[in-house]
Q: 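Handing you a structure now.
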Protein chains: 2
Amino acid sequence: MVHVRHREPPPAVDQLRLTDVLAALSDPLRVGLVRQLANGEERCFSEFNVPVAKSTLSHHLCTLRGAGLTDTRGEGTRSYVRLRREDIEARFPNLLDAVLDAADRDDVGNHVSVSSGPA
Amino acid sequence: MVHVRHREPPPAVDQLRLTDVLAALSDPLRVGLVRQLANGEERCFSEFNVPVAKSTLSHHLCTLRGAGLTDTRGEGTRSYVRLRREDIEARFPNLLDAVLDAADRDDVGNHVSVSSGPA
DNA sequence: TAGCTTGTTCGATGTTCACCGAATATCGAA
DNA sequence: TTCGATATTCGGTGAACATCGAACAAGCTA
């Protein structure tokens with residue numbers, strides 16, 4: 001598991017490492033976050049409805065970013081996250097789709113939801 | 001990560017949990033083991049050539065088994081391992097293939113090899 | 001400028017993990 | 001039954017992880 005500061009740029013496509021990606025996806029809450037991002041829409045930090053403290057949410061988003069699964073963009077005091085779907089697909093074809101399918105079957109991370117818009 | 005005694009039966013197909021599977025595959029050595037088992041052949045414990053102590057190898061095989069990725073069969077003093085490919089496929093279609101493809105690209109777990117036969 | 005909102009970072013805690021060597025169990029062979 | 005081979009389990013260690021609340025920084029807004 002790679003630890004990355006929020007401010008550092010996320011890993012480039014050819015630097016994505018399989019075991020880091022899988023480690024990032026081995027937590028139900030993070031899978032839930034990825035599922036909510038799967039439609040390609042950008043989501044604001046405060047839109048996520050999760051049963052953990054906001055510092056913990058920040059940490060999980062940091063982990064996803066460190067593994068290269070997501071990217072984060074700051075706008076004012078807000079932070080927007082999106083899934084790097086094309087990048088993952090380019091590096092590891094079919095992997096993300098297979099995981100998302102499996103997550104749907106298992107209903108993994110169903111304790112994660114998103115509000116309609118920024119709070 | 002589920003901890004399982006070797007003697008307990010591995011999880012049934014419908015009990016496989018995605019995050020357990022991904023956690024088991026988030027370690028390079030375990031990915032290497034899975035790659036060596038990918039052709040469907042059964043392998044003996046002592047066939048594996050890995051850069052860790054045998055107690056550590058035992059632990060990793062236990063982890064794979066606990067996640068439902070492999071099954072183990074004892075014969076005499078020997079222990080034979082096989083990949084539960086059909087079971088994984090039935091539960092999580094395309095997942096294992098996608099991971100194996102990605103592992104080939106990344107050459108993950110290349111420090112794992114197998115000898116020609118049981119020592 | 002003062003204050004509010006938003007999100008990150010810090011410090012701390014308990015859990016889990018990878019790893020090793022030693023001890024133990026199990027089986028086959030002498 | 002004694003010995004050697006094989007594999008699992010035990011005890012311990014250091015690193016990594018999930019989690020929280022508090023402190024902090026950065027940006028709006030009044």
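Just so it is clear, the values below take in all heavy atoms, side chains as well, and ignore hydrogens, waters and symmetry mates. Labels below follow one simple rule: chain letters A, B, ... track the order of the sequence lines, proteins then strands, and each chain is numbered from 1.
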Q: Taking only residues two or more places apart in sequence, or in another chain, which ones meet Asn39(A) in a side-chain contact (heavy atoms from CB on, under 4.5 Å)?
A: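 Counting only residues at least two positions away or on another chain, Asn39(A) forms a side-chain contact (heavy atoms from CB on, under 4.5 Å) with Glu41(A), Arg43(A).
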Q: Check the distance between dT16(C)'s C1' and Asp20(B)'s CG and give it to me in whole angstrom.
A: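 For the pair Asp20(B) CG and dT16(C) C1', the rounded distance is 13 Å.
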Q: Which residues pass the salt bridge (Lys or Arg N to Asp or Glu O under 4.0 Å) test with Asp27(A), sequence neighbours left out?
A: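 Salt bridge (Lys or Arg N to Asp or Glu O under 4.0 Å) check on Asp27(A) returns nothing, list empty.
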Q: In whole Å, what is the span from the OH atom of Tyr80(B) to the P atom of dT26(C)?
A: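 Computing the Tyr80(B):OH to dT26(C):P distance gives 19 Å.
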Q: Rounded to whole Å, how long is the line connecting atom CD of Glu75(A) with atom C1' of dT5(C)?
A: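 Nearest whole value for this atom pair: 15 Å.
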Q: Between dA7(D), dA18(C), dT8(C), which nucleotide has the shortest distance from any of its atoms to the side chain of Phe45(A)?
A: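 Among the listed nucleotides, the one closest to the side chain of Phe45(A) is dT8(C).
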Q: For Leu64(B) and dT8(D), what is the distance between atoms CG and C1' respectively, to the nearest whole Å?
A: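 Rounding to the nearest Å, CG of Leu64(B) and C1' of dT8(D) are 16 Å apart.
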Q: What residues, two or more places apart in sequence or in another chain, satisfy side-chain contact (heavy atoms from CB on, under 4.5 Å) together with Asn49(B)?
A: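 Residues passing side-chain contact (heavy atoms from CB on, under 4.5 Å) with Asn49(B): Ser113(B).
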Q: Which comes earlier along DNA chain D counting from the 5' end, the contact point of Asp27(A) or that of Thr77(A), where each point is its nearest nucleotide?
A: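 Upstream on the strand: Asp27(A).
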Q: Is the shortest distance from a Lys or Arg side-chain nitrogen in Glu75(B) or Arg73(B) to a carboxylate oxygen in the other one below 4.0 Å?
A: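 Here Glu75(B) pairs with Arg73(B) in a salt bridge, since their nearest N and O are under 4.0 Å apart.
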Q: For Asp107(B), which residues count as a side-chain contact (heavy atoms from CB on, under 4.5 Å) partner, sequence neighbours excluded?
A: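 Residues passing side-chain contact (heavy atoms from CB on, under 4.5 Å) with Asp107(B): Arg35(B), Asn110(B).
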Q: Which one, dC27(C), dG7(C), dT9(D), comes nearest to the side chain of Ser58(B)?
A: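 Shortest atom-to-atom distance from the side chain points to dT9(D).
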Q: Taking side-chain contact (heavy atoms from CB on, under 4.5 Å) as the test, write out the residues that go with Thr77(B), two or more places apart.
A: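 Partners of Thr77(B) under the side-chain contact (heavy atoms from CB on, under 4.5 Å) test: none.
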Q: Run Asp97(A) and Arg85(A) through salt bridge (Lys or Arg N to Asp or Glu O under 4.0 Å) and show every step you take.
A: CA-CA 9 Å; Asp97(A) 284 339; Arg85(A) 200 147 188 179; 2.8 Å; yes
Q: Side chain of His59(B) only, heavy atoms from C-beta on: which candidate in dA18(C), dA18(D), dG7(C) is closest?
A: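 Of dA18(C), dA18(D), dG7(C), dA18(C) is nearest to the side chain of His59(B).
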Q: Let me know the distance between CZ of Arg78(B) and C1' of dG28(C), rounded to the nearest Å.
A: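 Rounding to the nearest Å, CZ of Arg78(B) and C1' of dG28(C) are 10 Å apart.
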Q: Atom CD of Glu47(B) and atom C1' of dT6(D): how far apart are they, to the nearest Å?
A: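 It is 14 Å, rounded to the nearest whole Å.
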Q: Show the distances under 3.5 angstrom between N or O atoms of the protein and N or O atoms of nucleotides 20-22 of chain D.
A:
unit_1  : atom_1 : unit_2   : atom_2 : d
dC20(D) : OP2    : Ala53(A) : N      : 2.7
dC20(D) : OP2    : Thr56(A) : OG1    : 2.8
dG21(D) : N7     : Ser55(A) : OG     : 3.4
dG21(D) : O6     : Ser55(A) : OG     : 3.0

Q: Output the rounded distance in Å from CG (Leu61(A)) to P (dG7(C)).
A: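 To the nearest whole Å, that distance equals 10 Å.
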Q: The side chain of Ser46(B) is closest to which nucleotide in this list: dA18(C), dA7(D), dG7(C)?
A: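 For Ser46(B), the side-chain atoms sit closest to dA7(D).
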Q: Atom CG of Leu33(B) to atom C1' of dA18(C): distance rounded to whole Å?
A: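 After rounding, the reported distance stands at 14 Å.
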